[in-house]
Amino acid sequence: MCFDLDSQPPLQTRPAAGVTTSRDILTAEDGNRLRAFRAAPKDPAERGAGVVVLPDVRGIYPFYEAIAVDLANHGYLAIVVDYYGRTAGIDDRPDDFDATPHVMRTTRDGVATDIRAATAALRVDGAEAVAAVGYCFGGRHAFWASAPEFGFAGVVGFYGVPGTGGPLGPGPTQHADQLAAPILGIFGGADAYIPASEVDAFDHALSHAGVAHEIEVYPGAPHSFFDVKHHEHAQASADAWQRTHQFLDRVTRPNR
């Protein structure tokens, strides 16, 4: 898992008095039903942009719900998607839910279909421009979601494996010519799972493919450093989240 169950995102968020939240069941185009957590600004005038939040392999849990609430506090419609409707159903899951056998049964096409369902829900709610933010497993899928088929204004990936990795096969690096939307990639310089050479290869592949992108590497930061438990990397986390908001504002609300 990227984060412990009691981990919290290091957010400098405002009180959520101006935010509404709900748990929902979405239906994807292939008939799959999936769980979703939604957060929205109460003021309809602030609902012109949306963000699909792609969690780590655990799926929906409080860490990502807090991220969605923070995004809603900043004027975004936000929705967190679950990856396991096809294999684990739509019921609530216990804290000790073992995602391993389920993540091994996910497919790139299946995740993409569910992302499109979440995007459609945001657009129904009024989002004219939509972006994606993902973490670890979700970070890799956020990079994939730069492809034109998703229609995203931009994507942010926190320490998503960009290259060929074990059973994952070739990654966004190897298929950079299929990507289009601007990308913000955030990595830890001491990530034991993603070496610097892989980040460099991703950077070079995106440049060669002409994909607008920013790659930010935080020296000494490990995988999943965006966590209050990594207090020694608080400055890196704060900078990463500020960059994320600046990027989202730029790609989804350029005239604001």
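The first residue in the sequence is number 1, and the count goes up from there.
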Taking Met104 as the starting point, is it possible to reach Val111 by hopping between hydrophobic residues whose side chains are less than 4.5 Å apart?
yes
Does some side-chain heavy atom of Ser207 sit less than 4.5 Å from a side-chain heavy atom of His213?
yes
State whether the side chain of His208 and the backbone N or O of His204 hold a donor-acceptor pair below 3.5 Å, judged by distance alone.
no
Using 0.5 Å steps for rounding, measure from the CD1 atom of Ile186 to the CD atom of Glu214.
9.0 Å
Is there a side-chain contact between Val217 and Val199, using heavy atoms and a 4.5 Å cut-off?
yes
Show the numbers, then the answer: is there a side-chain hydrogen bond (donor to acceptor under 3.5 Å, both in side chains) between Asp109 and Thr107?
CA-CA 5 Å; Asp109 286 344; Thr107 65; 5.7 Å; no
Sorted by chain and number, sequence neighbours left out, ring pair (Phe, Tyr, Trp, His ring centres under 6.0 Å) with Phe247 holds for none
Donor-acceptor under 3.5 Å (Ser146 side chain, Ala181 main chain):
yes
Looking at residues at least two apart in the chain, or sitting in another chain, which of them share a ring pair (Phe, Tyr, Trp, His ring centres under 6.0 Å) with Phe187?
none
Could you report the tightest heavy-atom contact between Thr252 and Ala129, atom names first, then the distance?
O-CB, 3.6 Å
Under the salt bridge (Lys or Arg N to Asp or Glu O under 4.0 Å) test, residues paired with Arg243 that sit two or more places apart
Glu216, Asp239
Apply salt bridge (charged side-chain N to carboxylate O under 4.0 Å, His left out) to Arg23 and Asp92, showing your working.
CA-CA 10 Å; Arg23 288 173 174 79; Asp92 289 340; 5.8 Å; no
What do you reckon, are the aromatic ring centroids of Phe225 and Tyr159 less than 6.0 Å apart?
yes
Closest approach of Ala180 and Val211, non-hydrogen atoms and distance?
O-CG1, 4.1 Å
Kindly compute the distance separating OG1 (Thr113) from CG (Asp30), expressed to the nearest 0.5 Å.
5.0 Å
What residues form a ring pair (Phe, Tyr, Trp, His ring centres under 6.0 Å) with His245, not counting sequence neighbours?
His74, Trp241
Is there a side-chain contact between Phe37 and Asp82 in this structure, where contact means two heavy atoms from C-beta onward sitting under 4.5 Å apart?
no
Could you give the distance from OH (Tyr84) to CD1 (Ile60), rounded to the nearest 0.5 Å?
11.0 Å
When you group the ILVMFWY residues by side-chain heavy-atom contacts below 4.5 Å and let the links chain together, are Ile215 and Val161 in the same group?
yes
Quick one about Tyr64 and Asp56 (side-chain donor to acceptor, distance below 3.5 Å, no hydrogens or angles considered), yes or no?
yes
Taking all heavy atoms of Ile25 and all of Ile90, pick out the closest pair and write down the distance.
CD1-CB, 3.9 Å
Nearest 0.5 Å, what's the OH-CG distance between Tyr61 and Asp95?
11.0 Å
So which heavy atom on Phe226 is nearest to which on Pro9, and how close?
CE2-CB, 3.9 Å
Give a yes or no answer on whether the side chain of Tyr218 reaches the backbone of Ala240 with a donor-acceptor pair at less than 3.5 Å.
yes
Who pairs with Arg33 by salt bridge (Lys or Arg N to Asp or Glu O under 4.0 Å), at least two apart in sequence or on another chain?
none
On the six-membered ring of Tyr76, is Arg253 placed so that its NZ or CZ lies under 6.0 angstrom from the centre and within 45° of the ring axis?
yes
Would you say the side-chain atoms of Asp227 and Ser7 include a donor-acceptor pair closer than 3.5 Å?
yes
Do the side chain of Gln174 and the main chain of Gly171 share a donor and acceptor less than 3.5 angstrom apart?
yes
For the pair His102 and Phe97, evaluate ring-ring contact (aromatic ring centres under 6.0 Å, His included) and give the outcome as yes or no after the intermediate values.
CA-CA 10 Å; His102 298 280; Phe97 171 70; 5.2 Å; yes
Under the 3.5 angstrom rule, does the side chain of Arg140 hit a backbone N or O of Gly163 as a donor-acceptor pair?
yes
Calculate, to the nearest 0.5 Å, the distance between atoms CZ and CG belonging to Arg38 and Leu77 respectively.
8.5 Å
Is the shortest heavy-atom distance from the side chain of Pro222 to the side chain of His230 under 4.5 Å?
yes
Over all heavy atoms of both residues, which pair between Ala176 and Ala205 is shortest? Give the atoms and the distance, please.
CB-O, 3.6 Å
Mind checking what makes salt bridge (Lys or Arg N to Asp or Glu O under 4.0 Å) contact with Glu29, not counting sequence neighbours?
Arg116
Flag side-chain contact, heavy atom, 4.5 Å: Leu248 against Val133
yes
Under the 3.5 angstrom rule, does the side chain of Thr173 hit a backbone N or O of Pro162 as a donor-acceptor pair?
yes
Matching residue for Asp114 among Arg35, Arg108, Arg86 - test: salt bridge (Lys or Arg N to Asp or Glu O under 4.0 Å)
Arg86
Answer with yes or no whether the side chains of Asp24 and Ser22 bring together a donor and an acceptor at under 3.5 Å.
no
Using the rule given for side-chain contact (heavy atoms from CB on, under 4.5 Å), can you reason through Glu149 versus Ile115, listing the C-alpha separation, both sets of side-chain angles and the distance that settles it, and then say yes or no?
CA-CA 11 Å; Glu149 67 178 271; Ile115 291 173; over 6 Å; no
State, yes or no, whether a side-chain contact exists between Val155 and Leu179 at a heavy-atom distance under 4.5 Å.
no
Do you know the tightest heavy-atom contact between Val156 and Ala142?
O-CB, 3.5 Å
Could you grab the distance from atom OH of Tyr135 to atom CZ of Arg58, nearest 0.5 Å is fine?
15.0 Å
